[in-house]
Structure formats: structure tokens, C-alpha cells
Amino acid sequence: MTLSFTLSVLATAFLSIALSDAVDTSTDPATKACQLLANAFPQLVAFPGSEQYSSDIEHWAFTSTQNATCTIEPETADDVGEILKIIGRSDIMSPFAVKSGGHAYNVGHSSTTGVQISMAKFTGLDYDPGSCTVTIGTGLLWDEVYSRLEPFGVMVNGGRVPGVGVAGLSLGGGYSWKTNQFGLGIDTIVSHSVVLPSGKQVRASNTSYPDLFFGLRGGLNNFGIVTNITFEAHPQTLVYGGQITYASNVSNIVNAAASNFSANNKDPKAQVISSVGSVLGELAAVVLFFYDGPTLPSGIFDSFFSIPSISSDVSTRTFVDIFESFGNTTVGSGPMGNVGHVVPVTDYPVDLLNHIAEEVIVLEGRLTRANDGLPVVVAVSAEPFLNAFSRSRGGAYPHPSSRQVTPMAISVLYQINLNSTQDEQSGFHEIAVSSVKELSNLIQAEAVSLGVSRWDDILYPNYALDGAPLELMYGSNVQTLREIAAKYDPDGIMKLTGGPHF
Ligand SMILES: Cc1cc2nc3c(=O)[nH]c(=O)nc-3n(C[C@H](O)[C@H](O)[C@H](O)COP(=O)(O)OP(=O)(O)OC[C@H]3O[C@@H](n4cnc5c(N)ncnc54)[C@H](O)[C@@H]3O)c2cc1C
Ligand SMILES: *[C@@H]1O[C@H](CO)[C@@H](O)[C@H](O)[C@H]1NC(C)=O
Ligand SMILES: *[C@@H]1O[C@H](CO)[C@@H](O)[C@H](O)[C@H]1NC(C)=O
Ligand SMILES: *[C@@H]1O[C@H](CO)[C@@H](O)[C@H](O)[C@H]1NC(C)=O
Ligand SMILES: *[C@@H]1O[C@H](CO)[C@@H](O)[C@H](O)[C@H]1NC(C)=O
Ligand SMILES: *[C@@H]1O[C@H](CO)[C@@H](O)[C@H](O)[C@H]1NC(C)=O
Ligand SMILES: *[C@@H]1O[C@H](CO)[C@@H](O)[C@H](O)[C@H]1NC(C)=O
């Protein structure tokens, strides 16, 4: 008997089980949901072992990838509605997850052991020059959005480095290279196409379903599945910038330059992300420079440019070119783990940045030893925006112009030790999680004592570690958001996904 014959017999056997609508009541909700979905959408569902399955569950960080029971790639909003109706059937209520770019680094936020929905087929992009808006499918990464917009000479407020998805970044807030000028991503959104948990399709905007529109600007996956988003577009010229890497012996001078830039920059077109990171005992500073114009007015980045560097790649170039040059974040070889959190600050005093660099080195040494010497990157990124909240149009994520905080990102990225057992791997991840919590606490305590942070400052939901208190991410909006969730998702179907829920 040939192998292919065996496989076809098994496939036929499986199909006949799947095709009978009688759901075995002894099986778990995810298995039941997968049977019904395979029955309703035989072309769209995938099971372990297939290529589609692997790509549907894949995440940027291996530690936020889970083995789903099955995966599905809906092609239309109607499909999404049918899928939600099956998952949310009162006798099913299966755990599930919705993935756009898969860059969430909290396990369970866009991954699941139940039904993994991948938005990969939602790749539409419509530029409307009349209204100067662009409607973008939530299966796209910003990489492709920018490449497709460049020929039109316009851009939107999206991600700053390659690989990130349209949906997660935009539904959580959206810090962009153009934030100083136009606000967060959510301050440039005109409307969302949403499939509600009931299966109903609506368009949420300032004038239709305004409460839902409010919730979707920061409230992530709480209200339904978003199939596309309409953004304001802005004319795009050539830009100036790139990446410079500095050795540890000048990291304090880089910190001084970053601190000065944070305090004194007045040009909204100028932005940097200034990171210090340690790997294998070596500290380095990496600064990403962005100027939204072909020529750099004198003085803006001088305090950085005068510091001797290891490598520099700064020039006049296209928006797509600079974006792609910011490359992929990786560590070592093979699958990697990630833990991230955020400290909200109003400014970056040089003493704070220098103390952080010392803490980063110590923590990296400790974690690398615990990881059997495999590389661990501990990094802290200063993101000194210039009044990022002055264009605030409100929304679930509180970012009032009366309190301008910027998100200082704390992260631990590590090569997973494949020679250790699954339990040891989870054990190391837990150490990384508690280390990130401790480091963030320490940094915020110092920032508070220096007068550049408050303990009740809002944490950016897209950067916050799983389990961060709702009140710290959504402030006084929490009660309103609970009411909106109860109205649009009365049966709590979206609560079958992970992430912060109202
Ligand atoms: C390397 C890197 C760079 C980053 N750069 C930036 C940056 O420049 N600016 C910034 O603001 N943030 C940035 N982030 C944070 C980023 O915004 C979040 O990780 C974001 O959630 C990722 O979006 P995604 O679509 O890739 O993620 P996913 O993991 O696919 O989804 C994230 C969340 O969105 C939900 N979601 C996904 N699709 C849908 C949908 N169609 N409908 C409803 N809910 C959905 C998921 O359920 C999950 O809760 C970065 C993160 C990384 C790892
Ligand atoms: C997920 O599936 C892969 C491939 O079958 C397997 O190697 C891995 O151990 C599974 N992971 C978990 C957490 O079960
Ligand atoms: C956005 O979604 C709406 C509603 O499903 C659909 O009519 C429209 O074609 C979509 N546009 C894009 C660009 O995907
Ligand atoms: C909604 O409309 C009001 C009044 O025109 C405007 O002030 C506000 O900025 C709009 N909000 C969004 C998100 O477009
Ligand atoms: C810093 O170290 C680099 C090598 O990593 C060296 O070339 C450079 O001279 C040093 N600079 C200073 C100011 O010590
Ligand atoms: C500080 O920043 C200002 C404005 O960006 C710049 O003109 C000045 O040269 C910087 N000073 C130092 C010491 O870096
Ligand atoms: C980033 O990684 C992805 C997937 O591995 C790859 O397709 C892409 O070309 C990479 N981009 C850059 C800029 O290296």
C-alpha cells in the first residue's frame, strides 16, 4: 500500500467525520469548533502539519506562538461573520485568536490553543485621492502598505520598523515616524470596517457607531474583528535619516545627545529612537534618525552626528528605503523569545539614561548566565516625541494633550535554548518576565523621583506586559469601555481571545 493511498484514506475518513454536522459532545470546544469550521470552509481551514497551519500560527517571537487546534484564513467579511457565529455558538464557545502581523509579544493575545484566525487574505488597499484617504486591509504589514502607497506620493501614520501588522499597531494606538506632525495612528483614522461578534458588518466612524469607533481607537480586539481601516493620507517627499551604531565607550555621550534632543528639539519633522542594549557583555547604542524632508536643517542631529560611531547609514532616501533599512529585530540564531514593557515619561534626563545603561548591563549578564550563555539582548529605547498628543482626537487609549508622556520601551529578547526541556524554557521565560517587571519598576521609580513620570501615567497598551492593570492602560475610560463591550459583545465572545478585556 502506498503512502499517498494511506493518506487519502485518512483524509477521506477525516472528511466524512468533518462533513457530518453531528458534533461529538465529548470533545472539547476547540475540537468541535474546528470540525464545524472544516465542514463550512473546507478550503480555508488548516490542521497541524500543513504549510498554511505553520504560517497561520507563526509569530515574530516564538514565545508568543501557540499550537492551535486548527487555523483558518477567512477571505471575506461574510466568512469572518460565519466564523464568529460558529465559535460563539452557545454550545461551542471555543477559545480563539485573531492575528494580523503577529507582533504581539504577550502569549495568547493573538495566539491560542483553540481556533487561530489569520487575517492574511485581507490585503486590499484603496487610495482615494479625492478625500486623500486610504483604506487598508488588516492582513497587510506596514512594509507592503508603504511600498504600495509610495507611487501615489502619500503615506499614512503606521509602523516605524519592518514586519509589524496594520491591525494590532492601529487598534492599540500607533506611534509613527509622523506622530509629531499628525498624531498617533488612531488620530488619523477615519473609519473601521468591523465584523461584530453577532456576525453583523458595520462601518464605525465619527458619525456612525461613534461609541464603537471610540472603543476601536486603542481597545484592540475587544469589540469584533476589524477587516479594514481607513486612514488620512499625507503627501510624502523624500526623507533624511538612517541608523547609527555606537560603541559602549561613547554610550554616555549618546545619552547626553538623546537627553538634549528630548529637551530641546523644536522641529516636528525630526524624530529619533535612541536605544542602549547589551548582548554578551557588550553595551552598544543604536539610534534611528528620521527627518521628514529631503534635507536636514542644520543643528538638528549634530550632537549625535559628532560622536564617533561603529557604523553609520544616514542619507537622503525614499520613505520605503529608510523604513526597510531599519531591518528585522533578531537575536542569535533559531527561534527567539521576547518580553517587553513600557515606562511612560515626559522627558529623558541624562542621569536616568546613564543609570539605565548600568542596569541593562547587569541584567543582561544575569539573564545570559541563566540562559546557558546563549545570547540575550536587554535594551531600553528612549522615544522622545515632540508633543505626540497635541493632535489627540480621543479614543479608548487616553492620550490627552494636557499630559504628554512618551513610551520608553523596555525589552528582553533572547535565543531560546533548544537543548533544554519545555519546562526549563518556560522557567527561563518567567525569569525574563519578572526581570522586565523589576527593571521597569526601578526605572519608573527613578523617573518619578526626577519628576518626569507619575505612577498613574498611562501605559501604552501595545507595549504593556500582559496583566498590566486596565486602569493603567485605559484610565478613566475603563467604565465607558465596559459599557461599549457589553453593548457590542453582549455574550462576551471576544473575551474568548487573549489580551486586556473590559
Ligand atoms: C519589532 C516591533 C516593532 C514595533 N514598532 C512599533 C511602532 O513603531 N509603533 C507602535 O506603536 N508599536 C510598535 N510595536 C508594537 C506593536 O504595535 C504591537 O506589537 C502590535 O500589537 C502589533 O500588531 P500586529 O498586527 O503585528 O500584531 P498581532 O499580534 O497580529 O495582533 C496584536 C493585537 O491586535 C489584535 N488584532 C489583530 N488583528 C486584529 C483584527 N483584524 N481585528 C481585531 N483585533 C485584531 C490581536 O488579537 C492582538 O490583540 C512594535 C512591536 C515590535 C515587536
Ligand atoms: C507544538 O507542535 C510542535 C510540532 O508538532 C511540537 O514540536 C511542539 O512541542 C508543540 N508545542 C507545544 C507547547 O505543545
Ligand atoms: C473594506 O471593507 C468593506 C466592507 O467589507 C468593503 O466593502 C471594502 O471593499 C473593503 N476595502 C478594502 C480596501 O479592503
Ligand atoms: C469627530 O468630529 C469632531 C467634530 O467635527 C472633531 O472635532 C473630531 O476631531 C472628530 N474625531 C475624529 C476621530 O475624526
Ligand atoms: C571606543 O572604542 C572603539 C573600539 O570599540 C575605539 O575605536 C575608539 O577609539 C574608542 N573611543 C574612545 C573615545 O575611547
Ligand atoms: C542641544 O540641542 C540643540 C537643539 O536640538 C542643539 O542646537 C545643540 O547643539 C545641542 N547641544 C548639545 C551640547 O548637544
Ligand atoms: C524580515 O524578515 C522577513 C521574514 O523573515 C523577510 O521576509 C524580510 O525580507 C526581512 N526584511 C528585512 C528588511 O530584512
Side-chain angles (χ1 to χ4, degrees), residues 47-51 53-54 56-59 62-71 74-81 100 107-108 111-113 116 119 121-128 133-140 144-145 148-149 156 166-167 189-196 199-205 208 224-231 233 250 252-272 274 287 289 291 296-307 335 337 347-348 350 384 386 416 418 420-426 429:
F47 287 92
S50 72
E51 253 177 60
Y53 175 89
S54 306
D56 289 348
I57 66 166
E58 190 184 6
H59 280 69
F62 186 75
T63 43
S64 43
T65 304
Q66 288 180 285
N67 286 346
T69 303
C70 68
T71 71
E75 290 175 323
T76 63
D78 287 348
D79 294 346
V80 173
S100 167
V107 65
S111 62
T112 179
T113 56
Q116 175 80 61
M119 298 305 287
K121 298 264 169 67
F122 287 79
T123 56
L125 184 146
D126 268 349
Y127 171 54
D128 175 12
T133 60
V134 52
T135 300
I136 306 174
T138 52
L140 288 175
E144 198 174 343
V145 170
R148 283 163 72 176
L149 284 178
V156 289
V166 166
I189 290 176
V190 178
S191 59
H192 302 83
S193 282
V194 197
V195 182
L196 297 175
K200 184 175 174 187
Q201 297 169 29
V202 303
R203 195 136 189 102
S205 73
S208 103
I225 295 184
V226 177
T227 53
N228 63 46
I229 306 178
T230 301
F231 293 83
V250 295
N252 285 5
I253 314 178
V254 175
N255 285 340
S259 181
N260 178 38
F261 179 83
S262 169
N264 295 315
N265 174 46
K266 297 279 182 292
D267 188 336
K269 294 183 174 175
Q271 236 172 264
V272 302
S274 183
V287 184
F289 297 92
Y291 189 80
L296 187 67
S298 70
I300 299 229
F301 298 137
D302 286 4
S303 39
F304 290 100
F305 288 1
S306 58
I307 307 169
D347 213 343
Y348 297 86
V350 68
L386 176 62
I416 291 173
L418 295 174
S420 63
T421 65
Q422 202 122 127
D423 279 353
E424 287 165 339
Q425 289 175 19
S426 322
H429 194 74

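One-based numbering, in listed order, for ligands and for the atoms of each. Given the structure is predicted, the values throughout are model-derived calculations rather than measurements.
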Exercise for review: Determine if the distance from atom 14 (O) of ligand 6 to the closest protein heavy atom is below 4.0 Å.
Suggested key: yes
Review point. Looking at atom 7 (O) of ligand 3, would you say a protein heavy atom lies below 4.0 Å from it?
Key: no
Selection from [options] by shortest heavy-atom distance to [atom]:
atom: atom 12 (C) of ligand 6; options: Asn260, Asp267, Asn264; value: Asn260
atom: atom 2 (O) of ligand 3; options: Val80, Asn228, Val194; value: Asn228
atom: atom 1 (C) of ligand 2; options: Thr65, Asn67, Ile57; value: Asn67

**Study point:** From CA spacing to verdict: side chain to side chain contact (heavy atoms under 4.5 Å, CB included), Glu144, Ile136
**Key:** CA-CA 10 Å; Glu144 198 174 343; Ile136 306 174; over 6 Å; no
Check your understanding: Short N/O distance, under 3.5 Å, between Asn265 and ligand 6?
Key ->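 Min N/O separation from ligand 6 is not below 3.5 Å for Asn265.
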Exercise for review: Kindly give the heavy-atom pair with the smallest separation between Pro74 and Asp79, and that separation in Å.
Suggested key: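 Result for this residue pair: CB-CB, 3.7 Å.
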Review point. How far apart are the C-alpha atoms of Asp78 and Gln201, what are their side-chain angles, what is the distance that settles it, and do they pass the side chain to side chain donor-acceptor pair (under 3.5 Å) test?
Key: CA-CA 8 Å; Asp78 287 348; Gln201 297 169 29; 2.6 Å; yes
**Study point:** ligand 3 N/O within reach of Arg203 N/O, cut-off under 3.5 Å
**Key:** no
Review point. Are any of the N or O atoms of Ser193 closer than 3.5 Å to those of ligand 3?
Key: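 N/O-N/O distance under 3.5 Å: yes.
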Exercise for review: Examine the side chains of Ser262 and Asp347 and answer whether a donor and an acceptor come within less than 3.5 Å of each other.
Suggested key: yes
Point to revise | Flag for Arg203-Ser191: side-chain donor and acceptor within less than 3.5 Å | key: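 Ser191 vs Arg203: donor-acceptor pair found between side chains.
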Check your understanding: In terms of the angle between their ring planes, are Phe301 and Phe305 parallel, tilted or perpendicular, with boundaries placed at 30° and 60°?
Key -> tilted
Check your understanding: Tell me: protein heavy atom nearest atom 5 (O) of ligand 3, and distance?
Key ->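 Atom 5 (O) of ligand 3 sits closest to the protein heavy atom Ala77 CB, 4.0 Å.
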Check your understanding: Mind checking whether Gln422 has a heavy atom under 4.0 Å from ligand 2?
Key ->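 Distance cut 4.0 Å: Gln422 passes for ligand 2.
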Check your understanding: Can you list the ligand 3 atoms lying under 4.0 Å from a non-hydrogen atom of Thr135?
Key -> 11 (N), 12 (C), 13 (C)
Review point. Side chain to side chain donor-acceptor pair (under 3.5 Å) between Asp423 and Ser426: does it pass, once the steps are laid out?
Key: CA-CA 5 Å; Asp423 279 353; Ser426 322; 5.0 Å; no
Check your understanding: Taking C-beta and beyond as the side chain, do Pro384 and Asn265 meet within less than 4.5 Å on heavy atoms?
Key -> no
